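One structure below.
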Amino acid sequence: MLRGFRNLADVDLAPGPRFNVLSGDNGQGKSNLLEAIYYLGALESFRLAAKDALIAHDAARALLAAKLAGGVAPRTAKIWLDRAAPRRLALDDKRPRTRADWLAATPMVLFHPGDLALASGPPSGRRALLDHVAARLAPEYARALADYETALKSRNRLLRQEHADRRSITSYDPLLAAHGAVLGLARAALVEELEPATREAFARIAGEELPLEVRYQPRVPPREDALRTALARSLDKDLARGFTAEGPHADDLALTVRERRARHHASQGQHRMIVLALKAAELTVLARRLGLVPILLLDDVSSELDPTRNARLMGLLDELGAQVFVTTTQPELIRVAHDRADYRVVAGRVEAQAP
Ligand SMILES: Nc1ncnc2c1ncn2[C@@H]1O[C@H](COP(=O)(O)OP(=O)(O)OP(=O)(O)O)[C@@H](O)[C@H]1O
Ligand SMILES: [Mg+2]
């Protein structure tokens, strides 16, 4: 149930357990609806919008509510957004103890057009994907990452000072090496898990003749001693450049198609297929490790894919077994015949279509 969210009129949706197809012309509110669903699971907007941007222009507050099935027992989630007050949350009518409690209630995997940068853009997006999944699997990871980033920021601040004291700078190295090794090892292990699922999903969509390779590519091997050595060795260069060069903050997830880097060589449609394969793998790994199949949200997934690859993508989605929400301007591209509920989004109104 949604009230006062973006351009959406009062929405009372009883979505189907499998495919939910949200179709409509440009600018009608499809992505807004997906954003609301994602916000209910992830407590953040995939457009990184601030609270006030989510509240309808002419409203003072918004309410998002959902019944969550799929876990041990059904739960209810409610979020109040108020222009004049901090956000309020309730899980089963109680304030959740931690953010992690909330996130655990409904894992979600999202694909939105901005995610194409995972294949076509710089390494930072790929690291963020690994960090996101690793943190979902282990709260210790999120802590190590936060501590690492704090130490890195402090070291970089000293590196930029005019008369930097070398000893104060290197005093951060043991911490960076220790946390850095934790991050690097966890990411490498995660990539081991994601790799077969990504490769398989990509082969399903793209066809067997175009193999995708997925590899974690650390700048420094993820071991404490190796990281300490690398930090010490690059101190002079770091001082000259004003930032720390070595460490997991500079690692990459290498994606190669026929031995060429996808970022610079793959086509637009291939970028899309690579990212979809990564997301399918994320879903598979989260489902296995959390024991709960995440909800899959796909914003404008089918454009740029030819009919054959679209049909293959739908076959793959069918097998993943998740509850899926897809937005599209062309519902005929979503060729799923069974377990399908269609909704039409027009000027912020969401209407169920007869099957
Ligand atoms: N806080 C808000 N209050 C009212 N309207 C808003 C708010 N935020 C965004 N909008 C409007 O919502 C409309 C629909 O946006 P949305 O991104 O959901 O469209 P869409 O159906 O996904 O279109 P497309 O097919 O182009 O992606 C936009 O016209 C935008 O101006
Ligand atoms: Mg949209």
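Note that this is a predicted model, so its numbers are computed, not measured.
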Taking the side chain as C-beta and beyond, is there a heavy-atom pair between [X] and [Y] under 4.5 Å?
X: Phe5; Y: Val11; result: no
X: Asp339; Y: Asp318; result: no
X: Leu118; Y: Lys279; result: yes
X: Arg127; Y: Pro248; result: no
X: Pro174; Y: Arg228; result: yes
X: Arg87; Y: Ile79; result: yes
X: Arg155; Y: Asp173; result: yes
X: Ile169; Y: Leu159; result: yes

Flag, side chain of [X] to backbone of [Y], donor-acceptor distance under 3.5 Å:
X: Arg3; Y: Ala62; answer: no
X: Arg95; Y: Arg88; answer: no
X: Asp147; Y: Ala144; answer: no
X: Arg309; Y: Leu305; answer: no
X: Ser234; Y: Lys237; answer: no
X: His249; Y: Glu149; answer: no
X: Arg312; Y: Ala206; answer: yes
X: Arg6; Y: Gly348; answer: no
X: Gln28; Y: Ala347; answer: yes

If I compare all heavy atoms of [X] with all of [Y], which pair ends up nearest, and what's the gap?
X: Asp82; Y: Lys51; answer: O-NZ, 2.8 Å
X: Ala266; Y: Ile274; answer: CB-CD1, 4.4 Å
X: Asn7; Y: Gly27; answer: ND2-O, 4.2 Å
X: His132; Y: Tyr38; answer: CE1-OH, 4.2 Å
X: Trp102; Y: Pro96; answer: CE3-CG, 3.7 Å
X: Pro294; Y: Val109; answer: CB-CG2, 4.0 Å

Apply the side chain to side chain contact (heavy atoms under 4.5 Å, CB included) test between Val301 and each candidate in Asn310, Thr328, Thr327, Val326; give the one that qualifies.
Val326

Between [X] and [Y] (salt bridge meaning N to carboxylate O under 4.0 Å), is one present in this structure?
X: Arg75; Y: Asp92; value: yes
X: Glu246; Y: Arg233; value: no
X: Asp299; Y: Lys30; value: no
X: Arg261; Y: Asp252; value: yes
X: Arg166; Y: Asp236; value: yes
X: Glu195; Y: Arg199; value: yes
X: Asp131; Y: Arg187; value: yes
X: Arg126; Y: Asp251; value: no

Residue [X] excluded, over 12 heavy atoms near [atom1] under 6.0 Å:
X: Arg349; atom1: CZ; answer: no
X: Gln268; atom1: CD; answer: no
X: Glu332; atom1: CD; answer: yes
X: Arg258; atom1: CZ; answer: no
X: Arg260; atom1: CZ; answer: no
X: Gln353; atom1: CD; answer: yes

[atom2] on [Y] to [atom1] on [X], rounded to 0.5 Å:
X: Met273; Y: Glu304; atom1: CE; atom2: CD; result: 10.0 Å
X: Leu22; Y: Thr329; atom1: CG; atom2: OG1; result: 12.5 Å
X: Arg272; Y: Leu116; atom1: CZ; atom2: CG; result: 5.0 Å
X: Leu40; Y: Met108; atom1: CG; atom2: CE; result: 6.5 Å
X: Leu317; Y: Ile334; atom1: CG; atom2: CD1; result: 8.5 Å
X: Gln323; Y: Ile37; atom1: CD; atom2: CD1; result: 8.0 Å

Could you please spell out the steps behind the side chain to side chain contact (heavy atoms under 4.5 Å, CB included) verdict for Leu320 and Thr284?
CA-CA 7 Å; Leu320 290 174; Thr284 306; 3.8 Å; yes

Assess whether side chain to side chain contact (heavy atoms under 4.5 Å, CB included) is satisfied between Leu64 and Leu54, documenting all intermediate values.
CA-CA 11 Å; Leu64 297 81; Leu54 300 175; over 6 Å; no

Start with the C-alpha gap between Arg344 and Asp25, add the side-chain angles, then the distance that decides, and say whether side chain to side chain contact (heavy atoms under 4.5 Å, CB included) holds.
CA-CA 9 Å; Arg344 189 95 193 140; Asp25 292 340; 4.0 Å; yes

Would [X] and [Y] show up in the same hydrophobic cluster when neighbours are defined by side-chain heavy atoms closer than 4.5 Å?
X: Val220; Y: Leu176; result: no
X: Leu298; Y: Val293; result: yes
X: Val285; Y: Leu103; result: no
X: Leu210; Y: Val214; result: yes
X: Leu276; Y: Leu296; result: yes

Might you work through the side chain to side chain contact (heavy atoms under 4.5 Å, CB included) test for Phe325 and Leu33, ending with a clear yes or no?
CA-CA 10 Å; Phe325 292 84; Leu33 182 52; over 6 Å; no

In terms of the angle between their ring planes, are Phe19 and His338 parallel, tilted or perpendicular, with boundaries placed at 30° and 60°?
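Rings of Phe19 and His338: perpendicular, over 60°.
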
Ignoring hydrogens and angles, state whether a donor on the side chain of Asn32 or Arg47 is under 3.5 Å from an acceptor on the partner side chain.
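Yes.
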
